[in-house]
Every structure is written in structure tokens, then in C-alpha cells.
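First the proteins, then the strands, lettered A, B, ... as listed; each starts at 1.
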Number of protein chains: 2
Amino acid sequence: MAARDRVARVRALLDGVRRQGRAALTAPEGRLIADAYGIAVPGEELARDEDEAVAHAERFGGPVVMKIVSPDILHKTDAGGVLVGVEGEADVRAAFRTITGNARAYDERARIHGVQVQELVPPGQEVIVGAVTDPTFGKVVAFGLGGVLVEVLKDVTFRLAPVDTDEALSMLDSIRSAQVLRGVRGGPAVDRTAVAEQIRRVSELVTDFPEIAEVDLNPVIAGPDGAVAADIRVILGANAPAGRRRYTRDEILASMDRLMRPRSIAVIGASDVPGKIGHAVLRNLVDGGFAGEIHPVNPKADDIQGRKAYASVMDIPGEVDVAVFAVPARAVARVLEEVGRKNIPNAVLIPSGFAETGEQGLQDEITAIGERYGVRLLGPNIYGYYSTWQDVCATFCTPYDVKGGVALSSQSGGIGMAVLGFARTTNTGVSAIVGLGNKADLDEDDLLTWFGEDPRTRCVAMHLEDLKDGRAFVEAARATVPKKPVVVLKAGRTAAGARAAGSHTGALAGDDAVYDDVLRQAGVIRAPGLNDMLEYARALPVLPAPRGDNVVIITGAGGSGVLLSDAVTDNGLSLMEIPPDLDAAFREFIPPFGAAGNPVDITGGEPPSTYEATIRLGLEDPRVHALVLGYWHTIVTPPMVFAELTARVVAEFRERGVEKPVVASLAGDVEVEEACRYLYERGVVAYPYTTEMPVAVLGAKYRWARAAGLLGGRS
Amino acid sequence: MAARDRVARVRALLDGVRRQGRAALTAPEGRLIADAYGIAVPGEELARDEDEAVAHAERFGGPVVMKIVSPDILHKTDAGGVLVGVEGEADVRAAFRTITGNARAYDERARIHGVQVQELVPPGQEVIVGAVTDPTFGKVVAFGLGGVLVEVLKDVTFRLAPVDTDEALSMLDSIRSAQVLRGVRGGPAVDRTAVAEQIRRVSELVTDFPEIAEVDLNPVIAGPDGAVAADIRVILGANAPAGRRRYTRDEILASMDRLMRPRSIAVIGASDVPGKIGHAVLRNLVDGGFAGEIHPVNPKADDIQGRKAYASVMDIPGEVDVAVFAVPARAVARVLEEVGRKNIPNAVLIPSGFAETGEQGLQDEITAIGERYGVRLLGPNIYGYYSTWQDVCATFCTPYDVKGGVALSSQSGGIGMAVLGFARTTNTGVSAIVGLGNKADLDEDDLLTWFGEDPRTRCVAMHLEDLKDGRAFVEAARATVPKKPVVVLKAGRTAAGARAAGSHTGALAGDDAVYDDVLRQAGVIRAPGLNDMLEYARALPVLPAPRGDNVVIITGAGGSGVLLSDAVTDNGLSLMEIPPDLDAAFREFIPPFGAAGNPVDITGGEPPSTYEATIRLGLEDPRVHALVLGYWHTIVTPPMVFAELTARVVAEFRERGVEKPVVASLAGDVEVEEACRYLYERGVVAYPYTTEMPVAVLGAKYRWARAAGLLGGRS
């Protein structure tokens, strides 16, 4: 059916249902929709006489179900009006006569319209295909196996609707019990294309009709030659609410550029009184070394911290890029009007006292002002932001000046402080730290759009509790991931966490299963916890991208080798099967009782030369793509000796253009801490007292490399 | 059947099978065994005439399957010799005649023994009951759901055989799809007792007959009124190999006491040459402050490091408790004979060059010498051991003197060095650190037996790659867990890790699924990684045991509250449903826009008094059992102010006899690190930059408390 025709037909049907005040569609209505969208259902036809019955049955092929059709007979079975498994012309004719005869005998005055001939679906694997409306991501299709086990084990996968055939096919491999669909115990594989087609068509349907809140094809019977929806259920919902003001990509980049690379900053509510936020913000901007103009705004002073103060932003000469607000919540709206009139593109709203304290009205008011003037709002209820390469510390916290490759954002101020402390203690190189707070306007997708383009930023890491617009985020992530890794810590993962999120932000946290699937498809690396996010943020910009899947462990401690191998498997990485020639090459350097293979166990008492020779081999051989080193503290090779030789060899190869990710786990006394710092600063991601973290960050880098399409094959 | 009779009957049967050189039993043989052990199978009888057939069918009740029994008819169905679903006297009689008639028609010379009448098992849930012989744990029973999904998802649970009824019943709840057995989608629940009985009886069978390597009841059809094994498969294997020398509990405690609390230590191979192991060991014993006698043994010197040296241990006057070996592997056996003759109970074998380098023969030789004299061997191939409360540093590493509650052991030297470094940098209070190495004799169960009794030790943490004797370990763990937590890091968890373990120690790593289930049942806390083991080891002795399940989060950072809630759920803990009166009490202290409920969100700008008042409430209320604190660094309540007030309040309640576990996550700038150290030293387990770790260690403490039976209900 032509796309326009089918839309018109379903539109008419849904309008009719609406007029009747119904939300749930009847089975025949569901069937009409299925027919319009080519969703395969069992064949079904009305036969008014024996010949028609025979013709229908022949067309379906195989056995059929035959049922009396009479407005006067409600209980068809009681009336002898149902026969199952009828096959062959003679039997179909006989069945037609039997059924109509029984019906007449049951009620001689019944009006008989004929006999319904229905295709009997052959047995197959029950699967479920559905669509729901997610509060964060909108229309989402779901796929899982049917049956009680899946109901109990919740083995379901989601995708944003609409999906194309490839994406639909990928869903069949995304469930834990995927193997069942490929045939187990000698059972046949299902017709994957047919199942995918059901998914694709459902996704088209809900995309065309936003008012369809839910579709359930349950079960779909999937056999080796097709997949048929035995039942279809359609539920209508409300239309989507009107959206927020949308800015174009160019508009976002223009205002973000002025936010992150400002030449002139106004501090509204700047103060001379230590302890006041307006004092700290101005102080930090100055102490942070910002080279542009800094304008205090305060109607009650001529001069603040030795700088000329203005009564209003309107009085500041020339263009202003950012207005940082350090005034009480009640004063924000009035000043924001002035900021709008002055054409300042960015308002950084530090004050709290908005939606997070129940003052949603106040927040809506400032959002509306921002939209009216096109002023982008950061916050409210934030600590401010850092743009390190520009020496911008527009925050009431302390300055941070370690310039580097990771841009971090946090929805919560507390998490922002943890980011700052962690970065400082680990000397993490940062391009930006941004507080998002209540997200009255600017949110993760705006930031991601900018950081994706920012050449200083090599990795983006975001703490978030909800997304205002899941689809905009996915779009921004998809545009960014081919260029750089995007790490997300989604808080409120669990039921208990989601409840806490609700009480904290008033935001409805989406179902985590949907988040998980959708973020993965967008190529986002999901951090399992705060500390992981911080370590990923620290490590990913440091590690080069891997060019292939072959990971080799070289270890001085066999015990570390075992644990590192565990970690390799846990993180979805593959230990390289070492080819015989490479194995022989390793064996030349290690004692006869050491174990080549993978891990390469050089044994514990070896001198620096053995570490060096084996690391060289791993870097030299183009078949090896990543190294995991396990160091064991001995008198023969002390920690700093190991660190120095490893850093030197890695640097030497880097100069020759050979860049492979190298991570290390150092087992030893406290001197290994200094060795790890030394290595980290030189691009070898090293940790003491853990075999898990070095491999976890390597795993994160690999997940990104796959999502970015750098490894081919898998995606 | 009386136990003796059934054993005799099965013994005779198995001997017959052995004589025929078979390993697999036939179906009738399996059936005989099932009958002997009361394993329910479908009823089945031979009917020689119609009357017998009717009698059998009546006894089974319900429909039966009838099959011709003739040595001359192999293809019963082809001969028309099988009828399914026969019910009622008339039909049974008719079927008997039909079958025998068909058989005669098929082959008139066939000898007909009669007709087999077999109970038709009603449809039900397919489950699998089995037993396998695990290389580590011996006879183990397994239970899972049947069907392809479980085959794909590997949802199976294991227990050491034999099991009693309660343990067997617990297996039904230990699979992920447990709910299926309780009935879903309106389906009936299975007869749990009947299923458990099948498990129990299989476990008895394999316990009685160690030569039975494998039993499979697959499937068992479990319905609402019974569970019947539709098929039984029995495979014979080799008899268990002869065991090592066993020491009694008293013998273990006596020698371990002298090892860990020695009065006199000999250092064999003591040396004056710095860089030699014999130099470092002697030096460390002296520098570590050991107050007992230290005797250098070296035939080539009269005096070593200023102490009188002996040519042989035989020459040392008086009793010696420990002989530390710092001589080459080849010299060990000869000296060990002398150690045996001198009645020294413990030999600490630092040297490498035994099984780990392929010298299994050398290792077997020293094991035999040790067994002959009753000298317990620690190692070989170890760094030595520490017994801190006795100031014993019998190791070539550096001394460690922070006395405390955790005893640690490691199979690998590298991991031992990581233990030492971690302990030193975190100031972890330790009672012992022991290297186990090749475990030629002493192993984890010996250590556990001693540490369980040692009053200084409040927690035991062990890194292991294999267990020589899984059952001895489980026994020791079961005896220890009611007194103190036992943490295990089992390396080689994954396939890749297990392969590395094989190449490292030559030990066959057991199947991880069996390890996981068996360790859990023994009440052991399994650490997912090295760093987790170290953090559990540090935290568990510090945290008091919880008295109940009600966990309350009090947080100044809403963002931390969400992440802490995630962590609570991830760790199997329960956020308390706060009763209205307690909620009202919390609300008195927090701003109107703060969120009571749980987490209690006191909001970010609050003064120390709000933290203090709410923490007091949580400690005071007897319905609250554990506190998780989320701190947010602000000017109003700086990190050390929070740390001081929290430690003070916790100490005050402790003096009043109120001890609850309190853990904290501190989000802030680097000052939070000092605050965490301050808190940790005062019994509040606090971490910076992570919301996961404080809850993970609390979760570990809870897992122990449940295993130790302190929380009632669950176990």
C-alpha cells in the first residue's frame, strides 16, 4: 500500500476510535492497521459458500481454522461453530456444511453471514515485538523472546523508532538468549528477515502516528519461513507536548563558542565581601588568570576588588559574551531582561532557589525570557563552569588550571566538586568542567555539540540524572562519537536510584533498560559508577586508539596475569592467540619455566632488560594491538626502573609513529605509586593495587573505538 | 529400601558394569538405581496378559503407554507395537490384543514376553537434576530449569553433595528463573518438595558411590503433584586419587600457633651479603622488632649480622618454632630432614624452583619429607609471612608494623606485594600477611582454621587461584564465618583467567560457577577484584556488624544521594521505608525544599549542625541499622568540620553502646582526602570521589552478617 494511502486509512481509523472516546483498539481494528503497514498476521477471510471456503483454504495452504460468522451466535464453540485443523478440499467442504448446519440447529433464526477461514499458524518460536513511548526518548521499539522465562528474566532490547532493516536485525542479536533464534538442540533457526520486518513495520507505524502510545505484537510466531503476529494490541495516548525552543546547530556553536572562549565576562552581583558568591566568582576569574575583560556589576558600588563596577549590564561598554549571575533567585528575571536587551548570548545562573526548591514558576519565567531574547541559560543552581584553555574559572569553587583533553559536565553540584577534587589529586588534564544544574535551557546536547567540534577536547564525560530531550542527545552523541569518546554516568540506574532522582530534580527518570540500549547504540560509553567515570575521563584522552582486537598481557607476576586475564574477559576484550613465530620470539627472552602464550609470563625475578625486550616485541609486532603490563616489585627491577624503561620504550615507538594503547598494573610496595604517576604523565595508563582498573579503561577505549568504527567488523 | 540393601544392590550392578568394561549405564540399569534410591521415575511394568495389563494401568491411574516386549522385534513402532494414551479397562484390553496381534502379524516367529505398560507423565515444567564430580569440590549436585533457554542462559545452581532437604529446597530459589517454579501467568506452582527430593536422592547416590562420575535426570517433569525423572543417565569414572596427609584440627592449631606466635626462629641460609634473600630475611626479622630468639644458620660463618650462626639447625640449643628457608631449591630437602629430626614444626620455604618451574618431583620430595616428620611446609615459592602482633617479619620484603584486625594471604607473590603496598599507603591494620605460593602443604584451610581462632584477627582475606581441597576449605570457612568475615578473591574466574591459572601453577582451576555457588553457601564474601578485596580487608574489621536491614542515606548532595541509592540496590541492600514519625523528625532539621524520605537530602548549603542533627537521629533511632553519608564540600561545612563532627557523634554513640555501621562518600576538593583518612581511623569508612566503594564495603559486611546468621530470616 502506498505510504500516503496507508497513513490516510489509519488516520481515519484512529480518528474514529478517538471520537468514540476509546484508547484501546479492537482486534479487527488492529488487524486493519496491521494490513495497512504490512505487519504479517495469519490469513483470514470470510467464506460465504463452500467454494469460497475451498478457495481461501487453498490460498493459505496447509490446515485452517473455520468459525461460524453470525451476529446472533456469541458462543461459537457451544454452537458447534468452530473446527480446527481442517485441510483438503473435501474436508473444507464438509466442515463448511457441518458448521453452518450446527449453527442452524443451535438457533434456527440466526442470521448466518458465512464461515471465517483462518490460516493455522505452524508452531514456531514465540517472540514479542512492541513499541512504547518513553518519556525521555519518545517512540521506542522493543524485541524479546516470548514465554514465561523471558517474562521472568526480562530479556528485552530497545531501539529508537523508526529502525531500518539492519537495525531491526541487530535487535535479534542483542538479547541474551539470541542463540535460541539461531536454532539450538537441532531446532530450526527462525526467519530473521521476517522477524526484523515485523519490528521495522511497527517502528514505522508509531513514527507515523505519535498518538499511538503502545503496540504489542504478542506473540509473534517465528518459524523457519516467516513470522506472523498471532495477536496485535494498539493503545492510544496523548499527543506529545509542545517542545522547547530549538536552536540550530550553528546557533548552538556560535553561543557555545562565546561561552567557552569569551573575551568579555560580566559578574552580576560581584561583591567585595569575602564569603559571598559574588566575591568568590570575581576572585576566581581574576586569580584563574582570565586574559579578557572582567566587568563587575553591582548598583551599590563604583569599584569592586579594584575594578570599575557598573550599575547594570546595559552600562558595560562593548560586547559582553557571558553574564555570570551571583544574585538571589528573585533578582534573576529582571537582570536577565537587561542581559537580553544587551544581546549577551550567555547567562550563567549560579543561584539556587528555582525548580529544585519547588519554584518551578520562577524557573519557567527565566526560561521564557531566555527564549524570547535568544539568551542561552546555563543552570540555574550550579557552581559555574571552567574553560581551562582560556583560563576561565567562572565559579565559586577554587581555580583549576591543568589544561588537557577531557571536558566534564555534571548535573549535580556535589558531583561537580568530586570531579574537581579528583582532577586535582590525579593531575587530570581538563578542557572544561561545566555545571548543568536544573538545565532550564542549555543541556548535554548543546555541550556535546560544542565539545565535539572543540579541538582542545579529546573526550567528553558527563554525569546526568535525566535528559530533557533524549533524541537530541542521541543525535549530538552520534555526531561526536566518530571523533572522540563520550562517557556517560547515568545516575538513577536502579529503581531505588530512580526514586531518589525523582525526589531530587522533579525529573522523571526514564526506564534504565531503555537508556542502556539507546546510549549503547549512540556509541556512548556508559560508566558503571562515579569513580569509573572519573578514571575513564582521566585515561581516555591519554590512551591512543587501538587498531585491532589483539590484546597481549606481559607480566612479571603470574598472579597478576591471571587477574588481568579475568579483567580482559570481563571487559569484552580478547586475548590474542599468539602465533608460533611471535611465541618463539617471546620465549627467547623469558626463562624456560616462564609461560609464553598469553599472558606472557616473564616470571618474577627478571631484570629490566627482560621487561624491555618483551615490551619492545609487543610494540614492534603489527599483529599486536594493545599491551597490558603486569609489574611485580622486586629488588632486581625496582618500580621506577620499570616505569622509566616502559615510558622510554613507548616514547621511542611513538616517535616512530607506532602508537598502541599500553596500560599497566603495578603490584608492589608504595614506591609503585610514584611509578604509576610517572607512567601516566607519559601516556602509559598505570594503576597500583588493582588489576581491574587498567583493563577497565582499556575496555572503555575499545568500546569507543568499536562505536567509532575504527575496528571494522563489529560496531 | 534399607540403606544397606540399596548400597549392596547398586554395588553389585556397578561391579557388573565395570566387569563389562563399560562406563555408561543402560536405561534399565539406570532405572534399577533410581528404584534403589527412590528417585521417582514413570511407573513401568511388564504385563504378560490382559489382566496384568489392566492391573498395572489401574495402579498408575490415568493414561498409559503400551509397548510390545520381544527380543525379536527391534523396531516396535514399525511392528505396530506401540500405543500411546491408552486409558480404561476396555481400551487397555483392546490395546493388549492389538499390540500382540500386530506383533505376531509382523513376525510370526517372534518370541513375545508381553506388553510393557508405562505411566504417561502429565505435562509439567521440565527441570534438570544432576550430579558431577568437580576437580576441586568432588561430588556436586546441580539443578536448573530444562529447555533450550536455560541451555543457552546457563541458569544452573550447584551444592556440595550430599544435601539435606532444606538445602535441596534452597536450590529451587537459587536460579535466576526461580519464579517460574512458583507459577507464572496463572500456571501452577511445581511440587517443590518432590523436586527437592529428587535432588537429595541423587546427592545420596553419588555420595555412596564415588565412582559415579555423573548423573543426569534430564528432564525431570515437575508438576503440581510430583516430579518424575523421564530419563536417567549414569556415567562411571575413576575412583578418587589417594589424599594427602591429613592433620587434625588440634594438630593444625598447635603448629599454626607456633608459626604465628613463635618464640624461636631459625633462618636457614642467613647471610651477611646485602641483596641476598638470606640477608634480607634476617635483617627484616631484626628490624621488625621480633622479641624472640633469632638463629642464623649457615655452615660457612660463625657470626652473621652480629649474631652467632649455627652450621645446622641441629646445633641450635632448645626448641625452634619456625625454620625460614633462604637456600636454593636443591638444598631444601637435605636441610628439611634436619628440621624434621630437630622437631621443628614449621618450615617456611621461600625458595622458588619447584612445581612452578616444572620441578614437580622436587616438590613431591619435600612434601613427602614434611609428611614423614609432621613438619608443616609454608610455600615453597613465597615472599614469606608477617605476624604483626608478634613483630614477625619473616620475609625478604620490607617490615610492616601496623597492627590490626585483618589477616591476608596470597597464592601469588606479586599479589602479596600489592597487599603490602596497599596496606602501607592506607595504613590498614593487619594481623598477618602470609604467602602460600605452591601450597606443597599448608593451604587456605589450615590458615583459616587458625585465623578463625586467633582473637587478634577480625577478618580474613585470601587471594587464591585454586584450592587443593575444596571440601576442607568449605569446612574451615563454615567454622570461621559465624565468628568473622572471610573474603576470597578467586583468580581465574573467567575462561581466559582460568587458562592463565593453568599455565601459571599447573593447577586445574575448577569451574567458576561451582566455585561461586559453593563459596556463597560457605558464607564466604567473594571479592570481584583485587582492589575490592583490599578495600574489604581494610574496611570490614573497622565496621561494626549491622543488626538489621534498614539502611538510611543522609546526604548534603542530592546528586550523591541518587548515586548512593544506585549503589545500595547494586549491593543487595534495602533503603529503609522511613516511618512517618522519623520522617517528621528529619524534616525538622532540613530546609522545606530538602527531601526527606530516603535518601534524606539535607541540601547543599547546610551548616554543620544540620549534618550533626540528622546523623544523630539516624544513630539514635533503633529502627535504623546502618547509615550511608553523602558529604558535599561547601564553605559552610568544610571537609574537616564534617569529619570531626561525624567522628565525634559516632564515638559518643559507641560509648553509649550504640554501634551501627556508618560509611561515607565525600564529594569535594582534595581536602576531602584528609577528612576521609581522619574518619577511617575513627571507624567511619569514608572514601573520596566514589559513591560506589563505601556502599560496596557496607554490602560486603551485610553479606557476612547474613551468612553469620546475625540478621535472621535470610541466610
Side-chain angles (χ1 to χ4, degrees), chain A residues 148-149 151-153 176-177 179-180 184-185 357-358 398 412-415 417-418 420-422 424-425 465 491-494 496-497 500-501 503-504 529-531 534 557-563 565-566 568-569 575 593 595 597 599 601 604 632-633 667-670 672 688-692, chain B residues 148-149 151-153 176-177 179-180 184-185 357-358 398 412-415 417-418 420-422 424-425 465 491-497 500-501 503-504 529-531 534 557-563 565-566 568-569 575 593 595 597 599 604 632-633 667-670 672 688-692:
Chain A
V148 290
L149 270 177
E151 199 167 295
V152 169
L153 297 175
R176 276 177 285 150
S177 38
Q179 206 186 318
V180 171
V184 284
R185 280 195 182 175
T357 62
T398 42
S412 140
I415 303 308
M417 287 302 294
L420 191 66
F422 174 87
R424 203 185 302 283
T425 201
E465 294 178 351
R493 271 183 303 124
T494 59
S503 74
H504 177 46
L530 172 59
N531 196 249
L534 295 170
S560 295
V562 181
L563 290 168
S565 299
D566 282 347
V568 161
T569 304
L575 279 186
F593 54 88
D601 183 359
W632 181 5
H633 189 161
D669 211 331
V670 291
V672 295
Y689 322 131
T690 166
T691 47
E692 300 80 42
Chain B
V148 289
L149 270 176
E151 201 167 294
V152 169
L153 297 175
R176 276 176 286 148
S177 39
Q179 206 187 317
V180 171
V184 284
R185 278 195 185 174
T357 62
T398 41
S412 142
I415 302 308
M417 287 301 294
L420 191 66
F422 175 87
R424 203 185 303 282
T425 200
E465 294 177 353
R493 270 183 302 121
T494 58
S503 74
H504 178 46
L530 172 59
N531 195 249
L534 295 170
S560 294
V562 181
L563 290 169
S565 298
D566 282 347
V568 161
T569 303
L575 279 186
F593 54 86
W632 181 5
H633 189 160
D669 212 330
V670 289
V672 296
Y689 323 130
T690 167
T691 46
E692 300 80 42

Considering all heavy atoms of both residues, which atom of [X] and which atom of [Y] are nearest to each other, and what is their separation?
X	Y	answer
A:Tyr689	B:Phe422	CE2-N, 3.3 Å
A:Leu563	B:Ala491	CD2-CB, 3.5 Å
A:Ala667	B:Gly414	CB-O, 3.2 Å
B:Ser560	A:Ser412	N-OG, 4.5 Å

Heavy-atom pairs under 4.5 Å with chain B: which of [options] has the most?
options	result
A:Arg424, A:His633, A:Met417	A:Met417
A:Gly529, A:Gly668, A:Pro688	A:Gly668
A:Asn531, A:Asp669, A:Val670	A:Asp669
A:Leu420, A:Thr398, A:Thr691, A:Thr425	A:Thr425

With a 4.5 angstrom heavy-atom cut-off, is it the side chain or the backbone of A:Val672 that approaches chain B, or both, or neither?
neither
